[in-house]
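The next block holds one structure in the form of structure tokens; read it before the comments.
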Amino acid sequence: MSRYVVGRNAVAEALQSGENIESVLVLFGAQGFGLEKIKNVAKAKSVPVKEVSKQRIRELVGNITTQGIIAVLGEKEYVQMEQFIEIANTRNEKPFIVVCDEVEDPHNLGAITRSAEACGVHGIVIPKHRSVQVNHTVTKASAGATEHLPFTRVSNTGTAIDELKKMGVWIVGTDSKAPKYYTEIDYNMPVAIVVGNEGKGLRRLIKDKSDFLVRIPMYGKVSSLNVSVATALLLYEVVRKRKGL
């Protein structure tokens with residue numbers, strides 16, 4: 001199944017990432033320096049550039065704003081979790097992984113991916129079931145970060161966490177009733193940050209498997225943050241602790 005990267009910035013990122021792009025589709029009559037630059041890069045990389053109608057774009061991606069350009073990608077290639085560890089070793093860094101347990105909103109997964117890539121995360125784990133997969137909405141929401149960051153897709157999140165533990169990775173889960181604040185953990189260790197469903201949070205099984213449970217203090221009347229915002233806070237706390245900032 002093809003995926004679509006939409007928008008000029010996201011398409012430019014996809015072209016630079018080395019992702020296998022099947023073609024770039026440009027709306028008839030669309031113009032602009034940024035658009036011409038993308039077309040030139042695509043041609044230099046031997047990626048076919050085709051002009052298409054507005055109707056064809058709607059058939060592919062609906063009413064999503066595309067800025068007149070779409071990149072057509074093949075199905076996202078998922079990797080094994082061991083590759084995350086190999087990437088970390090290659091960079092001479094401690095493994096830094098995100099596990100999304102039943103995150104259902106593609107905009108949330110996209111935003112999480114964008115933050116993860118910006119923070120130097122080595123990979124993201126998502127379940128095959130009861131979870132959004134990496135599609136064109138996720139890719140657009142990530143501003144193209146999905147093309148720079150490896151994903152693994154697992155049948156069972158709990159089993160995946162057990163495997164990460166065997167690899168020496170410590171599991172930090174999120175829970176609004178956790179005894180510790182997210183700032184109280186020393187993240188200078190191989191770590192996986194585990195976040196849960198938008199409405200239900202982490203499942204009990206995943207909480208039980210976590211080495212640490214942490215919470216973000218809330219000072220207003222709402223009880224929790226959006227999962228992508230909460231994830232970004234935790235990821236940057238890992239970066240802060242590791243960099244000694």
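Remember, it's a predicted structure, so these values are computed and weren't measured experimentally. In what follows, every heavy atom counts, from backbone to side chain, and hydrogens, waters and symmetry copies are set aside.
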Ignoring hydrogens and geometry, is there a side-chain-to-backbone donor-acceptor pair from Glu184 to Tyr181 under 3.5 Å?
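Yes, Glu184 side chain to Tyr181 backbone: donor-acceptor pair under 3.5 Å.
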
Pairs satisfying salt bridge (Lys or Arg N to Asp or Glu O under 4.0 Å), at least one member in [range], at least two apart:
range            : result
residues 141-150 : Arg3-Glu147
residues 234-245 : Glu237-Arg240, Glu237-Lys241
residues 160-172 : Asp162-Lys209, Lys165-Asp211

Is the closest basic N to carboxylate O distance between Arg203 and Glu102 below 4.0 Å?
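Judged by the 4.0 Å cut-off on N to carboxylate O distance, Arg203 and Glu102 do form a salt bridge.
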
Co-membership, hydrophobic cluster, residues Tyr182 and Val222, 4.5 Å side-chain
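Yes; tracing contacts between hydrophobic side chains, which count when under 4.5 Å, links both residues.
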
With clusters defined by side-chain heavy atoms of hydrophobic residues (ILVMFWY) lying less than 4.5 Å apart, directly or transitively, does Leu225 cluster with Val99?
no

With sequence neighbours left out, write down each residue that passes side chain to side chain contact (heavy atoms under 4.5 Å, CB included) with [X], or none if nothing qualifies.
X      : value
Arg8   : Leu35, Ile38, Gln67, Ile69
Arg58  : Lys54, Asn63
Leu60  : Tyr4, Leu25, Arg56
Thr152 : Met81, Phe84, Val125, Val154

Partner set under side-chain hydrogen bond (donor to acceptor under 3.5 Å, both in side chains) for [X], not counting sequence neighbours:
X      : value
Glu93  : His122
Glu77  : none
Arg153 : Gln133
Asn108 : Glu198, Asn226

For a 4.5 angstrom cut-off between non-hydrogen side-chain atoms, does Asp105 reach Val132?
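No, side chains not in contact.
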
Look at the aromatic rings of Phe151 and Tyr78 and report parallel, tilted or perpendicular, splitting at 30° and 60°.
perpendicular

Of Arg215, Lys207, Arg204, Lys180, which meets salt bridge (charged side-chain N to carboxylate O under 4.0 Å, His left out) against Asp175?
Lys207

Lys94: what forms a salt bridge (charged side-chain N to carboxylate O under 4.0 Å, His left out) with it, not counting sequence neighbours?
none

List the steps and the verdict of side-chain contact (heavy atoms from CB on, under 4.5 Å) for Ile85 and Ile97.
CA-CA 9 Å; Ile85 309 301; Ile97 297 164; 4.3 Å; yes

Return yes if a side-chain donor-acceptor contact under 3.5 Å exists between Thr139 and Thr146, otherwise no.
yes

Does Cys100 form a side-chain contact (heavy atoms from CB on, under 4.5 Å) with Leu109? I'd like the steps, not just the answer.
CA-CA 8 Å; Cys100 295; Leu109 182 58; 4.0 Å; yes

